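The analysis underlying the following values was restricted to heavy atoms, covering all of them including side chains, and did not include hydrogens, waters or symmetry mates. The shown structure was predicted, so the numbers you read here are calculated from the model rather than taken from an experiment.
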Amino acid sequence: MARLFIFGLGYTAGRFAQEMRGRGWHVDATGSAGNLDFSDADAVGAALADASHVLSSVPPSDGSDAVLDKYGDALGDKWLGYLSSTGVYGDAQGAWVDESSPIGGGRRTARAQCDARWLDVGARVFRLPGIYGPGRSALERVEVGKAHRIDLPGQVFSRVHVDDIVAGVVAAIETDAPQGPYNLSDDLPTSQNAVIEEACRLLGIAPPPLQSIEEARLSPMARGFYAENRRVANGKAKRVLGWAPSFPTYREGLAALTARA
């Protein structure tokens with residue numbers, strides 16, 4: 001039986017684990033939903049020794065990567081994957097970015113440093129934009145009254161359905177994809193306002209009023225989100241992995257989530 005080890009069994013990695021178990025893989029994982037304690041070096045080391053593939057979704061902690069700091073020497077010549085963020089590209093003022101674009105100039109310096117460290121050890125680094133999916137989308141924010149429309153003309157973001165992330169990582173395993181970075185994003189960067197408006201349309205709810213950032217009283221994290229403006233290109237993942245998003249735009253993604261509810 002093929003064996004996979006996942007560091008950090010969160011929302012996205014959890015769905016990936018579910019997919020791999022369905023394909024007959026044995027999966028060990030750390031995290032609140034995992035079967036191993038990250039700090040239990042003996043148990044983690046034993047599971048790592050048996051694993052052929054390792055995926056980390058652990059974000060930076062105290063400016064460093066806890067997985068590489070503690071277990072880097074145990075990763076050996078295994079297939080390595082790392083879930084990173086397109087935030088490593090920083091603000092592109094609405095321009096397109098791809099895997100050749102420089103990283104580390106934005107607000108996520110620690111993430112960019114961890115991204116680079118995983119590349120240095122030979123990982124497939126999956127750079128992810130805004131992630132949405134079942135239980136975590138604009139639909140839920142609209143329903144609970146936490147959706148905002150912010151008056152920032154020309155502001156665009158990229159996003160990706162969680163199932164398309166899973167499909168991209170699976171494709172990288174099945175094709176034994178070359179080491180390096182891969183952007184997994186949908187085909188239509190657009191404003192967050194358009195996404196909220198589509199969610200409202202599907203739910204039959206009037207869109208929230210257009211507000212300034214100050215009027216919306218956004219959290220510091222949300223303000224940082226709006227401080228960056230970029231379009232994320234996914235051509236490399238399509239060419240190299242043979243991957244294409246099942247939900248090429250937010251419209252298909254939200255419609256599928258509505259139908260599933």
Sequence neighbours left out, what passes side chain to side chain donor-acceptor pair (under 3.5 Å) with [X]? Give chain and number order.
X	answer
Ser85	Arg108
Arg159	Gln192
Lys236	none
Gln18	none

For the pair Arg127 and Asp98, find out whether any cationic side-chain nitrogen is under 4.0 Å from an anionic carboxylate oxygen.
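No salt bridge links Arg127 with Asp98.
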
Arg251 with Asp186: basic N within carboxylate O range, under 4.0 Å
no

Given a cutoff of under 4.5 Å between side-chain heavy atoms of I, L, V, M, F, W and Y, with clusters grown through shared members, what are the other residues clustered with Val58?
Phe5, Phe7, Leu36, Phe38, Val44, Leu48, Val54, Val67, Leu68, Tyr71, Leu75, Leu80, Tyr82, Trp118, Leu119, Val121, Val125

Using a side-chain heavy atom cutoff under 4.5 Å and only I, L, V, M, F, W and Y, what cluster partners does Val144 have?
none

Please identify each residue that fulfils ring-ring contact (aromatic ring centres under 6.0 Å, His included) with Tyr132, with sequence neighbours left out.
His161

Keeping to residues at least two apart or across chains, list the side-chain hydrogen bond (donor to acceptor under 3.5 Å, both in side chains) pairs with something in residues 36-45.
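Checked against side-chain hydrogen bond (donor to acceptor under 3.5 Å, both in side chains) - neighbours excluded - the pairs reaching residues 36-45 are Asp37-Ser39.
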
If a pair satisfies side-chain hydrogen bond (donor to acceptor under 3.5 Å, both in side chains) and one of its residues is in residues 239-249, list it, with sequence neighbours excluded.
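Pairs touching residues 239-249 that pass the test: Thr249-Glu252.
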
Do any pairs count as a salt bridge (charged side-chain N to carboxylate O under 4.0 Å, His left out) and have a residue in residues 3-27, sequence neighbours left out, and if so which ones?
Arg3-Asp28, Arg15-Asp163, Glu19-Arg23, Arg23-Glu174

Got a donor-acceptor contact below 3.5 angstrom from the Glu140 side chain to the Ser137 backbone?
yes

Can you name the residues that form a side chain to side chain contact (heavy atoms under 4.5 Å, CB included) with Ser212, not counting sequence neighbours?
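So Ser212 forms a side chain to side chain contact (heavy atoms under 4.5 Å, CB included) with Glu214, Glu215.
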
Not counting sequence neighbours, list each pair that qualifies as a ring-ring contact (aromatic ring centres under 6.0 Å, His included) and has a residue in residues 14-33.
Trp25-His53

So, Asn183 and Ser185: side-chain donor and acceptor under 3.5 Å apart, yes or no?
no

Taking atom CD1 of Ile6 and atom CG of Asn35, what is their separation to the nearest 0.5 Å?
10.0 Å

